[in-house]
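Hydrogens, waters and symmetry mates are skipped; everything else that's a heavy atom, side chains included, is used. To find a chain, count down the sequence lines: A is the first, B the second, and so on, and within it residues start at 1.
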Amino acid sequence: MSTARRKPYPFSTFEPKWQQHWDRAQTFHAPNPGDPGFDPTKPKYYVLDMFPYPSGAGLHVGHPEGYTATDILSRYKRMRGCNVLHPMGWDAFGLPAEQYAIKTGQHPSVTTAQNVAHFKGQLQRLGFAYDWQREVNTTDPGYFRWTQWIFLQLYHAWFNPETQHAEPISTYKGADVDSVRLAYVSEAPVNWCPALGTVLANEEVIDGKSEVGGHPVERRPMRQWMLRITAYAQRLIDELEGLDWPTGIKLLQQNWIGRSEGAEVHFGVEASEEKITVFTTRPDTLYGATYMVLAPEHPLVERLVTEEQWPDVREYREKTARKSDLERTELAKEKSGVWTGAFALNPVNGERIPIWIADYVLLGYGTGAIMAVPAHDERDWEFARKFALPIREVVSATPRVSVGNKVSCDSEPLECLAGEGFAVNSGPLDGLPTADAKAEISRLLEAQGLGKKTVNYKLRDWLFSRQRYWGEPFPIVWEDGKHRAIPASELPLTPPEMTDFKPTGTSEPPLAKATDWLRYSDKATRETNTMPQWAGSCWYYLRYCDVRNADRFVGTDAENYWMGGGNSGGVDLYVGGTEHAVLHLLYARFWHKVLHDLGHVSTPEPFQRLVNQGLILGEDGQKMSKSRGNVVNPDDVIAEYGADALRGYLMFMGPLEATKPWSMSGVEGITRFLARVWRLVMEEQQDGSWALGPVSAEAVPDKAQLRVLHASVKKVTADIEALSFNTALAQLMVCTNAFVNVSPRPLSAVRTLLTLLNPFSPHLTEELWENLAQRFGDAPGQLADVPWPTWDEALLIDDEIEIVLQVNGKVRDKIIVPKDASRDAVEAQARGSARIAEWTAGKEIKKVVVVPGKLVNIVVA
RNA sequence: GCCGGUGUGGUGAAAUGGCAGACACAACGGACUUAAAAUCCGUUGGCGCGAAAGCGCCGUGCGGGUUCGAGUCCCGCCACCGGUACCA
């Protein structure tokens with residue numbers, strides 16, 4: 001890139017100038033209720049960005065895309081007279097800093113601080129109107145103290161199914177409080193990643209490999225902290241309804257939670273007291289169950305298996321346990337399993353069916369056991385074909401009359417029918433359509449105590465512990481194998497100072513090496529796991545409301561004001577990438593609901609309106625990546641074209657939510673536009689310096705100019721509200737072009753234009769505003785404090801308007817009519833058109849459609 | 001397989017059921033300049049007719065439909081992108 005090229009306008013001098021000015025004047029600081037300068041008569045507006053993980057690589061162009069969008073909105077809302085909360089912070093715990101520490105021996109807090117400083121500098125060079133007094137950092141003890149405090153709230157609470165709300169654990173009347181806590185310890189099999197030396201959540205495992213680094217992951221049973229998010233499954237689905245989120249994201253969350261209605265059915269076991277309970281969404285196919293499958297890890301397996309089958313079963317179980325999730329999915333094409341030697345008894349007809357184990361049945365879903373109905377389930381069908389198990393049709397696509405009991409049970413169907421139909425070969429259900437058959441069988445089972453209707457969710461409880469150093473320590477100690485919370489007064493519990501962060505190689509976390517820190521009392525030792533990175537980001541939007549509060553995680557008044565005080569409210573606009581559509585947003589909603597149930601926050605939902613910015617591709621249309629060499633660094637763009645140009649281009653590229661490729665010549669285009677605005681006010685001198693150009697306070701805009709101006713106010717206002725920034729900028733270009741060849745330029749019009757452009761290009765417009773104020777001596781102060789302009793609808797309509805004349809829907813002529821012309825007058829004038837006469841000559845006019853102000857369509861035979 | 005999104009000029013895109021392609025980029029032509037850059041003006045969906053002004057036909061992934069009128073609404077397909085996958 002040529003740095004020698006002359007700048008089309010002197011952004012490199014005035015952009016830093018205004019950034020310093022805003023910082024010094026604290027222009028964008030938003031006082032809290034009770035603070036000096038707080039104006040309670042103004043409505044609040046809370047605009048939130050997903051805060052970044054401050055990586056060593058610095059900002060990517062994807063970051064400023066969403067950040068510019070929210071910045072425009074917050075500057076605009078401020079000019080519209082709102083108290084605007086627009087904060088920024090750092091999601092700074094996490095694996096990369098820790099791994100860098102392992103490599104270099106440098107403490108993660110050091111690299112984190114460096115990276116934060118780097119990110120912050122980059123963001124400030126973009127001129128964002130953040131209230132930096134509200135900056136948060138998840139690794140700051142003053143912050144994570146409250147993350148730990150919230151964990152204690154979860155630990156000390158349970159979910160009461162009666163009220164469907166979390167309640168203090170003291171209201172639980174059962175014997176074992178530990179079995180109902182929202183934060184609990186579990187011994188379940190987890191995803192262990194030997195390379196990272198840690199356990200990962202299901203969501204962090206992709207195709208059997210770790211999301212971070214792509215290392216293989218295996219299943220291992222371990223003691224872990226879990227959060228009982230499943231208790232909230234139904235509310236997390238139901239309460240999506242009132243949110244202004246993209247329907248796609250709502251669906252994604254619903255599918256992730258995965259509610260399915262069905263029934264539990266109890267099967268007896270031949271020659272045994274044991275019972276096997278299965279979950280099925282198709283209880284109507286119970287008569288078609290020809291075998292049964294347990295998950296290989298199912299605890300009943302050991303008690304059921306026969307002696308002669310034991311070697312095979314054991315071998316299969318070991319093989320499955322060794323398999324990583326990757327292998328399990330890769331090998332999914334081919335079904336596998338072994339027979340236990342045992343038989344189950346079908347509760348409706350006493351039929352004896354073999355019990356198998358197979359890894360296509362998952363321990364974690366439903367009851368970990370299924371009844372297999374191969375005729376009506378693809379997976380069972382494949383399995384039955386492979387192992388030559390019987391297949392019996394019990395659902396028919398068309399109603400079929402049973403011939404007594406002699407329906408041909410013996411001939412197996414030729415293909416699997418997974419859909420709905422009509423019951424056959426099913427005793428009392430015969431002839432019923434699927435929905436009725438489900439209801440009927442559920443009724444029968446329930447009446448006989450053989451089963452009941454149930455709802456199941458795919459959502460699992462949240463595996464909340466990690467074997468890492470760089471995370472929040474748990475406020476928990478262990479004594480005699482029992483856990484207990486430390487008092488909130490002992491928070492924050494900071495991680496020990498350590499120089500060796502390496503994984504221990506065992507399942508012991510690195511904190512186990514800090515022997516002094518570990519000892520809590522003579523008998524008690526501290527929990528050595530740390531919290532996952534999600535923890536800090538689950539509630540940061542609440543801390544922003546009241547960052548400095550030392551007594552509460554957020555003050556009541558501040559929370560009530562900014563989060564909307566019990567109305568549907570919360571964050572008014574939340575912008576971020578789709579990659580957080582499920583996890584972050586689900587976890588944060590879960591925590592928020594718990595805090596709400598316990599009376600700590602005023603709304604049930606945190607984020608009222610959500611928008612996902614689209615991905616920015618490289619200039620080659622491919623995903624940006626170092627290896628492709630198509631990465632665009634925002635710093636380079638700012639150095640060459642300025643922050644306003646980068647902001648403008650990011651918004652002009654296309655709709656915010658669309659995926660779109662980067663284009664350097666597009667940046668040049670927006671630069672040309674900004675330079676044109678600059679020259680609207682400034683004129684280049686002989687010596688290359690800039691001085692005020694021909695702008696006049698006396699000059700009056702003519703009718704056409706006024707119309708463009710007012711149309712622009714209207715359109716830019718509507719477009720910003722709709723986040724349609726590309727079209728708003730297009731209108732600002734139209735408006736600018738209308739004044740380029742005007743001299744002298746009317747001051748009032750120029751000022752309106754600058755005001756409209758200010759949220760998009762704050763530096764340029766402030767600089768020009770200041771130059772005008774110096775010359776004209778009025779309008780002191782900064783443009784950011786000027787109220788948003790209004791428009792006069794009357795000025796938008798010309799006295800005369802153009803009407804399109806169509807014949808059979810094709811444009812044939814245009815006429816000019818007075819703006820208030822009657823229908824009849826317009827039609828008469830249309831019929832009078834010579835060109836229309838040509839096209840209708842000799843034809844019968846069947847109909848005339850008149851759309852006032854728009855068109856006349858004459859329909860001929 | 002399932003769910004979601006997107007298909008419009010050479011490119012990014014715009015269009016409450018009412019003139020398809022606003023606004024830009026690129027390209028081409030012109031003005032200014034010794035020259036270039038920058039700037040300004042103009043042309044720019046395709047095909048055809050015309051010396052020209054102009055005129056006509058076709059055109060929003062494909063095939064149907066509704067309507068006076070469809071990029072937009074309905075039905076059926078195709079392609080690409082993203083997510084997800086033995087969830088019983």
Send over the distance from [X] [atom1] to [N] [atom2], rounded to a whole Å.
X         : N      : atom1 : atom2 : result
Leu674(A) : A38(B) : CG    : C1'   : 16 Å
Asn612(A) : C81(B) : CG    : P     : 21 Å
Tyr641(A) : C25(B) : OH    : P     : 13 Å
Tyr457(A) : A88(B) : OH    : C1'   : 17 Å
Ile803(A) : G69(B) : CD1   : P     : 20 Å
His580(A) : G83(B) : NE2   : P     : 14 Å
Leu729(A) : A22(B) : CG    : C1'   : 14 Å

Within the structure shown, what part of the strands sits under 4.0 Å from [X] by heavy-atom distance: base, sugar-phosphate, or nothing?
X         : result
Asn808(A) : nothing
Gly258(A) : nothing
Thr578(A) : nothing
Thr280(A) : sugar-phosphate
Arg259(A) : nothing
Trp839(A) : sugar-phosphate

| said: At less than 4.0 Å, is any side-chain N or O atom of Arg835(A) found next to OP1 or OP2 of G56(B)? Yes or no. | reply: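 Checking Arg835(A) against G56(B): at least one side-chain N or O falls below 4.0 Å of OP1 or OP2.
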
| request: Kindly say if Thr727(A) contacts the phosphate of C23(B), meaning a side-chain N or O under 4.0 Å from OP1 or OP2. | output: no

Distance alone, cut at 3.5 Å: any donor-acceptor contact between the side chains of [X] and [Y]?
X         : Y         : answer
Ser336(A) : Tyr316(A) : yes
Thr578(A) : Asn612(A) : no
Ser260(A) : Asn456(A) : no
Asp813(A) : Ser833(A) : yes

I'd like a list of close polar pairs between nucleotides 74-78 of chain B and the protein, N/O only, cut-off under 3.5 Å.
none

Please enumerate all protein N or O atoms sitting under 3.5 Å from an N or O of nucleotides 18-20 of chain B, with distances to 0.1 Å.
{"residue": "C19(B)", "atom": "O2", "partner": "Lys814(A)", "partner atom": "NZ", "Å": "2.7"}
{"residue": "C19(B)", "atom": "N4", "partner": "Glu802(A)", "partner atom": "OE1", "Å": "3.0"}

For residues 247-254 of chain A, which side-chain N or O atoms pair as donor and acceptor with protein atoms under 3.5 Å away, sequence neighbours left out?
{"residue": "Lys250(A)", "atom": "NZ", "partner": "Leu240(A)", "partner atom": "O", "Å": "3.3"}
{"residue": "Lys250(A)", "atom": "NZ", "partner": "Glu241(A)", "partner atom": "O", "Å": "3.3"}
{"residue": "Lys250(A)", "atom": "NZ", "partner": "Leu243(A)", "partner atom": "O", "Å": "2.8"}
{"residue": "Gln253(A)", "atom": "OE1", "partner": "Arg589(A)", "partner atom": "NH1", "Å": "2.7"}
{"residue": "Gln253(A)", "atom": "NE2", "partner": "Ala581(A)", "partner atom": "O", "Å": "2.9"}

Suppose you measure atom [atom1] in [N] against the same atom in [M]; what distance do you get, rounded to whole Å?
N      : M      : atom1 : answer
A13(B) : C25(B) : C1'   : 10 Å
A51(B) : A15(B) : C1'   : 37 Å
U6(B)  : G61(B) : C1'   : 11 Å

Strictly under 3.5 Å: I want the nitrogen or oxygen pairs between protein and nucleotides 3-13 of chain B, one per line.
{"residue": "G12(B)", "atom": "O2'", "partner": "Met653(A)", "partner atom": "O", "Å": "2.6"}

| message | Show me the dot-bracket string of RNA chain B, counting Watson-Crick or G-U pairs under 3.5 Å, with | for pairs to another strand and [ ] for crossing ones. | response | (((((((..(((.....[....))).(((((.......))))).(((((....)))))..(((((..]....))))))))))))....

List, with names and distances, any nitrogen or oxygen atoms from the protein found under 3.5 Å away from nitrogen or oxygen atoms belonging to nucleotides 39-42 of chain B.
{"residue": "U39(B)", "atom": "O3'", "partner": "Arg679(A)", "partner atom": "NH2", "Å": "3.1"}
{"residue": "C40(B)", "atom": "OP1", "partner": "Arg679(A)", "partner atom": "NH2", "Å": "3.4"}
{"residue": "C41(B)", "atom": "OP1", "partner": "Asn741(A)", "partner atom": "ND2", "Å": "3.2"}

| query | Which nucleotide in the set C86(B), A88(B), C23(B) lies at the smallest distance from any side-chain heavy atom of Val361(A)? | reply |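 Looking only at side-chain atoms, Val361(A) lies closest to A88(B).
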
Side-chain atoms of residues 852-861 of chain A: list all donor-acceptor pairs with protein atoms under 3.5 Å, sequence neighbours left out, distances to 0.1 Å.
{"residue": "Asn857(A)", "atom": "OD1", "partner": "Asn808(A)", "partner atom": "N", "Å": "3.4"}
{"residue": "Asn857(A)", "atom": "OD1", "partner": "Gly809(A)", "partner atom": "N", "Å": "3.0"}

| task | Check whether any side-chain N or O of Arg831(A) sits under 3.5 Å from a backbone N or O of Ala828(A) as a donor-acceptor pair, and report yes or no. | result |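 It does not hold such a pair.
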
| Intermediate values then yes/no, side-chain hydrogen bond (donor to acceptor under 3.5 Å, both in side chains), Thr320(A) and Asp359(A) | CA-CA 7 Å; Thr320(A) 319; Asp359(A) 64 2; 5.0 Å; no

| task | May I ask you to say whether Lys819(A) pairs ionically with Asp798(A), meaning some side-chain N is under 4.0 Å from a carboxylate O? | result |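 No salt bridge links Lys819(A) with Asp798(A).
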
| message | Salt bridge or not between Glu382(A) and Lys386(A)? Use side-chain N to carboxylate O under 4.0 Å. | response |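 Between Lys386(A) and Glu382(A) there is no salt bridge, as every charged N stays at least 4.0 Å from the carboxylate O atoms.
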
| said: Can you list everything that forms a side-chain hydrogen bond (donor to acceptor under 3.5 Å, both in side chains) with Ser12(A)? Sequence neighbours excluded, please. | reply: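 For Ser12(A), no residue satisfies side-chain hydrogen bond (donor to acceptor under 3.5 Å, both in side chains) once neighbours in sequence are set aside.
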
| task | Not counting sequence neighbours, which residues clear side-chain hydrogen bond (donor to acceptor under 3.5 Å, both in side chains) with Asn346(A)? List them please. | result |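 In terms of side-chain hydrogen bond (donor to acceptor under 3.5 Å, both in side chains), with neighbours along the sequence ignored, Asn346(A) is linked to no residue.
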
| task | Keeping to residues at least two apart or across chains, list the salt bridge (Lys or Arg N to Asp or Glu O under 4.0 Å) pairs with something in residues 649-665 of chain A. | result |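 Residue pairs with at least one partner in residues 649-665 of chain A: Glu65(A)-Lys660(A).
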
| Sequence neighbours excluded - salt bridge (Lys or Arg N to Asp or Glu O under 4.0 Å) pairs with any residue from residues 256-266 of chain A |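 Qualifying pairs, neighbours excluded: Arg259(A)-Glu261(A), Glu264(A)-Lys452(A).
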
| query | Does any non-hydrogen side-chain atom of Pro694(A) lie less than 4.5 Å from one of Glu683(A)? | reply |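 Yes, their side chains come closer than 4.5 Å.
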
| request: Pull up the glycosidic torsion of G9(B) and say syn or anti, syn being anything within 90° of 0. | output: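 Syn conformation here, the glycosidic angle of G9(B) being no more than 90° from 0.
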
| Does anything in residues 277-291 of chain A pair up under side-chain hydrogen bond (donor to acceptor under 3.5 Å, both in side chains), and if so which pairs, sequence neighbours excluded? |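 Output for this query lists His266(A)-Thr277(A), Arg282(A)-Asp284(A), Tyr291(A)-Tyr360(A).
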
| Aromatic plane relationship, Phe387(A) with Trp356(A) - under 30° parallel, 30 to 60° tilted, over 60° perpendicular |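 Geometry flag for Phe387(A) against Trp356(A): tilted rings.
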
